[in-house]
Structure formats: C-alpha cells, structure tokens
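Below: one structure, written as structure tokens.
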Amino acid sequence: MINDAHCHFFSSRFLELLAPEGVGADEIAARLQWDPPGTATELGDRWIVELDRHNVSRAALIASMPGDAVSVAEAVAHHPHRFIGFFMHNPLGTSADTTLDRALKTLNMRGVCLFPAMHGYRLDDEVVERVFRSAADHGAAVFAHCGVLTVGVRKALGLQSRFDLRLGDPLALARTALGFPQVPVIIPHFGAGFFREALIAADQCPTIRFDTSSSNAWIRFNPGLTLEAVFRHALAVVGASRLVFGTDSSFFPRGWVRTAYEEQQRIVTGLGVRDDDREAIFGSNFDRLFPA
Ligand SMILES: [Zn+2]
C-alpha cells in the first residue's frame with residue numbers, strides 16, 4: 001500500500017493568488033508549461049486517475065497559497081476516501097484566526113501548513129501556539145516547513161522570495177510542539193538542511209514526524225551526506241513509525257513523481273528495513289495519523 005503525505009494541489013485559484021493582478025490562471029499555467037488546472041473538481045479527478053495509475057491509495061493535497069483551502073476542500077469532498085486536505089496558513093495574515101477556524105471546522109482540513117521563513121515569524125512565537133491550540137481542538141496536524149525553502153513556481157514566475165531561512169528552526173518548533181502532546185507534527189524533507197536540528201527536535205519531542213518527500217536536494221549542503229545516510233540516521237533516531245512517505249508531486253503533465261518513490265524504496269530496501277517497517281513508512285503511518 002502506498003500513501004503520499006505530500007502533494008501540492010496547484011489549482012486555478014492557487015495560480016491566480018500567486019500571479020500579478022489581472023493575469024489569469026491559464027496564462028500562468030501556459031507560462032510555466034503546465035496543463036491548465038481547470039476547476040478544483042476537474043483537478044481532483046485528474047489526481048485520482050494519476051494515483052490509480054501508480055497504485056497510490058491516499059494522498060494529502062496541500063493548498064499552497066493562503067486562501068486556497070477552498071479548492072482542496074472541493075477535491076476532498078468528491079473523494080473523501082482518497083484525499084485529505086492540508087492548507088498553507090499565514091498566522092500573521094489578516095483575520096488569521098477566522099481563516100484558520102474556517103479551514104479546520106468548515107472545510108475539514110486535516111493539516112495546517114506553516115512556512116515561517118516565508119511569512120516572517122518564529123516557530124516558538126505566540127501566534128504559532130494559537131495555531132497548535134486550534135489544531136488540538138479540531139484533531140488536526142501541524143506541518144511546519146523548516147530549513148531551506150525554494151518555491152519553484154515563484155522562481156519560474158520571477159517573483160521575489162525574500163525568505164528568512166533562520167526562522168525555519170526545528171528546535172523552536174519542538175519548544176512549541178511539546179506543549180501540545182495531542183497534535184501530530186510533520187517536518188517535511190527531514191528538516192530540509194536542518195537535519196541535525198530536526199533529529200534533535202524529534203528526539204526531544206515525540207509528536208514530531210518527518211516526511212521523506214522531494215528530491216531532498218538539500219543534502220548537498222552537508223558535505224558527503226547521502227540520502228541513504230539520511231534514512232539510516234533518521235531510522236536510528238526516530239524509528240520507522242515516525243517516517244511518513246511523500247513525493248512533493250505538484251503539477252501536470254508531470255503528475256505523480258514515481259522516481260521519488262522508487263529511489264526511497266530502493267534505499268529503504270538496501271538498508272535492510274523489515275517489511276512491516278517498510279509498510280509503515282510508505283503506507284500505514286499515514287493511515288494511523290489520518291484515518292479515512
Ligand atoms: Zn512541497
């Protein structure tokens with residue numbers, strides 16, 4: 001069984017929110033050489049066809065701009081047994097608390113995604129505590145992007161991305177997460193460059209999991225580090241039960257990034273990970289975190 005904990009839902013609305021005023025979603029898609037996403041329902045249906053093609057059971061779809069949870073909610077509503085919804089949230093945005101409440105309560109989102117380096121706050125700030133409190137109230141998870149942050153689509157569109165990477169500190173996240181033992185926490189890409197800090201944070205705070213997604217190109221910042229070694233160290237510190245497979249798939253026509261899956265399977269098999277642990281990483285950990 002395969003479940004993917006990290007797919008971006010690049011909807012038409014996402015493109016409109018990202019684009020300069022007055023530029024339509026289809027025009028942006030054309031500029032990026034992507035297929036036009038169509039309606040959220042159409043895009044969700046396309047994802048289902050794609051997941052079926054690769055035998056992927058369920059996926060977390062991430063609304064990847066504040067204000068786009070509604071698109072993901074639409075796709076999830078049509079396929080509630082296949083999709084769960086995550087959404088990018090800016091706790092410093094206008095009427096942040098209302099937006100958060102609406103996404104978790106009305107739109108049934110299962111994960112709040114924080115990008116502190118993008119939006120400019122510390123992960124041990126009071127605004128993040130409020131996010132955790134809300135997640136606790138609604139049984140949601142918190143996904144916090146730490147470390148290196150590059151947003152390919154922003155780069156491709158020439159948008160300024162003056163991110164403060166110091167803010168993506170796993171240790172600050174652990175400080176907050178420790179106060180909310182009922183809230184599962186996901187750090188994507190093993191901490192994306194703050195690997196050592198992510199391991200320390202996860203060792204200190206048992207609610208922290210890593211998603212394994214993306215090409216993990218951040219390993220180039222650690223001289224000599226390989227993805228094999230990343231998996232080996234992560235397994236040694238947090239164990240298989242706290243690793244959740246993901247690809248970081250996003251746009252069409254590329255679709256689901258099978259190469260990420262194959263590489264990770266090859267690595268995990270090469271490390272001699274037991275079958276039940278392998279199943280946990282690639283499938284059942286996700287189901288336990290997010291029951292259908
Ligand atoms: Zn991603």
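Everything numeric in this text was worked out from a predicted model, so none of it was measured. Counting begins at 1 with the first residue of the sequence. In what follows, every heavy atom counts, from backbone to side chain, and hydrogens, waters and symmetry copies are set aside.
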inquiry  = Run R130 and E126 through salt bridge (charged side-chain N to carboxylate O under 4.0 Å, His left out) and show every step you take.
reply    = CA-CA 6 Å; R130 286 221 295 281; E126 202 270 323; 2.8 Å; yes
Qualifying residue for ring-ring contact (aromatic ring centres under 6.0 Å, His included) with H145, from H189, H6, H119, H89 = H189
query = Just by distance, with hydrogens left out, do R102 and T98 show a side-chain donor and acceptor under 3.5 Å apart?
reply = no
inquiry  = Regarding W218 and N216, do their side chains bring together a donor and an acceptor under 3.5 Å, going by distance alone?
reply    = yes
CA sep, side-chain torsions, deciding dist, call: S161, R154, side-chain hydrogen bond (donor to acceptor under 3.5 Å, both in side chains) = CA-CA 7 Å; S161 299; R154 298 184 66 95; 2.9 Å; yes
message = Apply side-chain hydrogen bond (donor to acceptor under 3.5 Å, both in side chains) to residues R288 and S284 and explain how you reach the verdict.
response = CA-CA 6 Å; R288 253 185 305 121; S284 61; 4.7 Å; no
task = Please report the closest heavy-atom contact between G120 and L167, naming both atoms and the distance.
result = CA-CD1, 3.6 Å
key: Gap separating the CG atom of L61 from the CG atom of D68, nearest 0.5 angstrom   = 11.0 Å
inquiry  = Which residue in the set W34, F10, W47 passes ring-ring contact (aromatic ring centres under 6.0 Å, His included) when paired with F252?
reply    = W47
ask   = Are any of the side-chain nitrogens in D97 or R133 under 4.0 Å away from the carboxylate oxygens of its partner?
value = no
inquiry  = Working note: E228 + R232, criterion salt bridge (charged side-chain N to carboxylate O under 4.0 Å, His left out); need CA distance, chi angles, decisive distance, verdict.
reply    = CA-CA 6 Å; E228 280 86 350; R232 195 171 59 241; over 6 Å; no
query = Between the main-chain N or O of A141 and the side-chain N or O of R110, is there a donor-acceptor pair closer than 3.5 Å?
reply = no
task = State which residues pass salt bridge (Lys or Arg N to Asp or Glu O under 4.0 Å) with R53; sequence neighbours excluded, sorted by chain then number.
result = E50
key: Residue of the set T212, T259, T269, T247 for which side-chain hydrogen bond (donor to acceptor under 3.5 Å, both in side chains) holds with Q264   = T212
